[in-house]
Amino acid sequence: MTTIRLTNTKTRRKEAFTPIDPANVRLYVCGPTVYDRAHLGNGRPVVVFDVLFRLLRHVYGPDHVTYVRNFTDVDDKINAAAQARKAAGDPRSLEELIRARTDETIRWYHEDMDALGALRPTHEPRATEWIGAMIAMIEDLVAKGHAYEREGHVLFRVRSYRDYGALSGRSVDDMIAGARVEVAPFKEDPMDFVLWKPSDDELPGWESPWGRGRPGWHIECSAMSYELLGASFDIHAGGIDLQFPHHENEIAQSCCAHPEGGFANVWMHNEMLLVNGKKMSKSLGNFFTIHDLRKDRGIPGEVIRMVLLGTHYSKPMDWTAEKAAQAKATLWKWRKLTADVEPAASPDAAVLAALADDLNTPAAITRLHSIAAQEDGALLKASASLLGLLEDDLRGWTLPPVTGTGSGVMEVSGSATAIVGNVQYRETIERLLDERKQARMGKDFRRSDAIRDLLVGAGVIIKDTPAGAEWDLGADFDPARLGEPE
RNA sequence: GGCGGGUUGGCGGAGAGGUUACGCAGCGGAUUGCAAAUCCGUGAAGACCGGUUCGAUUCCGGUACCCGCCUCCA
């Protein structure tokens with residue numbers, strides 16, 4: 001059996017992965033707070049850990065992996081958005097407004113992540129549907145002396161968990177020394193964090209032993225992972241920015257509530273994403289949602305995926321238009337090579353080995369290049385599928401619609417030339433090529449070159465062979481530019 | 001101040017203590033009316049300073065610069 005090696009943040013080493021139960025390998029990834037469209041940075045962990053999910057399914061069997069990714073649908077940003085709608089005169093109740101907004105955001109999220117080729121996790125729990133489990137866990141923590149109530153809040157007593165800070169390599173004393181946290185006067189210790197907080201009438205709330213209130217941010221992951229995966233599970237993953245405080249707090253809560261379990265054995269963190277060398281931010285004008293890239297810039301989801309997998313997850317990754325263009329060209333070539341090809345029975349061993357070596361996706365992609373160079377479409381397809389690439393659905397590879405010429409959806413033809421446009425494009429292209437042929441036979445090179453420039457400008461690749469001209473569509477084919485020459 | 005990541009050829013980006021990474025671009029050739037596509041060939045690297053070693057881009061120590069986290073953040 002393939003040995004998977006993963007870098008464990010907890011031990012800061014690359015270790016051989018041994019599941020607790022090979023018949024049920026359990027993975028938890030921190031999901032989004034659903035207040036707005038997912039941005040490019042949200043896509044990175046989704047795609048990276050989707051590859052992990054695919055790898056685990058390949059090695060242990062598709063029915064032997066349980067993948068949980070949560071939706072945080074209780075949050076102050078969500079509340080603020082709902083309050084703003086209400087203030088603007090929306091007649092619905094706050095709860096209805098919140099539910100409508102989070103429902104819509106989850107739909108968007110699924111749309112975007114499906115486009116990136118991410119498989120849906122086994123479970124996608126919403127925090128608001130697990131409030132009871134959170135209250136139960138908080139009560140248990142209070143009963144065991146790890147938490148205390150003050151003025152309607154319940155706080156976790158950081159000093160009661162000896163290993164607090166171990167994951168992120170900090171000590172409580174160091175953190176207090178450099179603390180910039182706002183310290184509520186009722187905290188026993190400045191680092192104590194909120195498990196439950198009171199809600200006034202303007203905020204969503206649930207009845208609890210401490211009055212009407214809502215959970216703190218960290219408790220949902222502890223409660224839901226316990227309910228769905230148990231007190232011990234295999235892998236917990238997320239962005240490196242979550243390492244502290246979020247994951248540190250999850251560990252403290254879970255290990256204190258369920259000392260019989262070890263919580264997550266392996267912790268994995270992906271590094272951050274930059275855009276043009278800088279942190280993505282609205283003020284720098286380099287902020288992209290995945291929806292922007294797909295719809296406004298016409299970048300297929302698969303291309304975004306390829307770019308995200310082109311840098312190892314443990315390194316900062318820079319998004320540039322240049323990378324997207326390169327990935328697009330490569331995938332286009334590969335798609336043509338694999339169109340209508342039945343995938344091989346198993347993936348290439350070197351691709352599998354690269355992924356098993358701490359998800360070395362760049363090395364796996366390098367190997368795909370060499371398989372493509374040998375024109376082994378069947379092996380290419382089977383191997384790329386481990387990375388979630390070159391799957392059968394076209395996933396965002398569409399032609400721009402052209403007025404009067406129909407939908408313009410790309411089709412995979414049965415011919416050896418692979419991907420062609422719809423029939424009208426084909427007729428236009430072949431008519432132009434025929435005109436060019438006539439012009440060349442008449443030595444009217446000015447006209448033949450003008451036709452050629454037109455076709456090339458529209459993204460058609462012309463291949464002149466001794467047997468005559470063949471053609472293919474380039475990745476940037478734009479039928480709108482297939483006008484008449486001169 | 002504390003914790004962590006990065007620095008490789010024109011660009012992107014890996015592995016490995018000693019043998020071609022790879023992709024894109026470039027250059028030379030074949031081919032072409034000229035091109036394109038394709039094929040063949042090819043130059044080019046590892047921030048800086050020390051150390052270990054027969055040998056380091058790869059291990060160890062230090063310096064510089066860039067970035068992130070410590071407050072909501074994937």
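A, B, ... follow the sequence lines: proteins, then strands. Residue 1 opens every chain. Computation of the quantities below employed the complete heavy-atom set of this structure, encompassing side-chain atoms and omitting hydrogens, waters and symmetry-equivalent molecules.
- When the C1' atom is used for both U8(B) and A14(B), the distance is 10 Å, rounded to whole Å.
- Between Phe263(A) and Phe233(A), the distance from one ring center to the other falls under 6.0 angstrom.
- Nucleotides G23(B) and C39(B) place their P atoms 11 Å apart, quoted to the nearest Å.
- Judged by closest nucleotide on RNA chain B, Pro362(A) is the one of Pro362(A) and Arg436(A) placed further toward the 5' end.
- Listed pair Thr366(A) / G23(B) fails the phosphate criterion, with no side-chain N or O lying under 4.0 Å from OP1 or OP2.
- Side-chain proximity of Leu273(A) to C70(B), C22(B), A74(B): nearest is A74(B).
- Nearer the 5' end of RNA chain B, as judged by each residue's closest nucleotide, is the contact made by Ser168(A), out of Ser168(A) and Tyr313(A).
- As rounded to the nearest Å, C22(B) and G9(B) have C1' atoms that lie 13 Å from one another.
- Separation of the C1' atoms belonging to G13(B) and U7(B) is 13 Å when rounded to the nearest angstrom.
- The listed nucleotides are C70(B), C22(B), A35(B); the one nearest the side chain of His369(A) is C22(B).
- No hydrogens or angles considered: a donor-acceptor pair under 3.5 Å links the side chains of Ser168(A) and Glu248(A).
- With both ends at atom C1', the span from G17(B) to G6(B) equals 23 Å, rounded to whole Å.
- Within the 4.0 Å cut-off from OP1 or OP2 of C67(B), not a single side-chain nitrogen or oxygen of Lys315(A) is found.
- Proximity of Arg440(A) to the phosphate of C34(B): no side-chain N or O atom is located under 4.0 Å from OP1 or OP2.
- No donor-acceptor distance shorter than 3.5 angstrom exists from the side chain of Glu15(A) to the backbone of Thr7(A), with no hydrogens or angles considered.
- Side chain of Arg44(A) to backbone of Glu271(A): a donor-acceptor contact under 3.5 angstrom is found.
- Residue pairs meeting the ring-ring contact (aromatic ring centres under 6.0 Å, His included) criterion with at least one member in residues 438-464 of chain A: none, sequence neighbours excluded.
- Residue contacts shown for Lys333(A) are limited to sugar-phosphate atoms, with no base heavy atom under 4.0 Å away.
- When each of Asp434(A), Asp464(A), Asp449(A) is paired with Arg440(A), the salt bridge (charged side-chain N to carboxylate O under 4.0 Å, His left out) condition holds for Asp464(A) and for no other.
- Nucleotides C69(B) and G62(B) are separated by 26 Å at their P atoms, to the nearest Å.
- Under the 90° criterion around 0 for the glycosidic angle, G46(B) counts as syn.
- Between the side chains of Thr66(A) and Arg26(A), no donor-acceptor pair of N or O atoms lies under 3.5 Å.
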How does RNA chain B look in dot-bracket notation if pairs are Watson-Crick or G-U with both distances under 3.5 Å, crossing ones as [ ], other-strand ones as |?
(((((((..(((.....[...))).(((((.......)))))....(((((..]....))))))))))))....

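- Applying the 4.0 Å criterion to OP1 and OP2 of C73(B), one finds that Trp217(A) has a side-chain N or O inside that range.
- Taking atom C1' in both G46(B) and U58(B), the straight-line distance is 10 Å, to the nearest Å.
- A gap of 25 Å separates the C1' atoms of C40(B) and A45(B), to the nearest Å.
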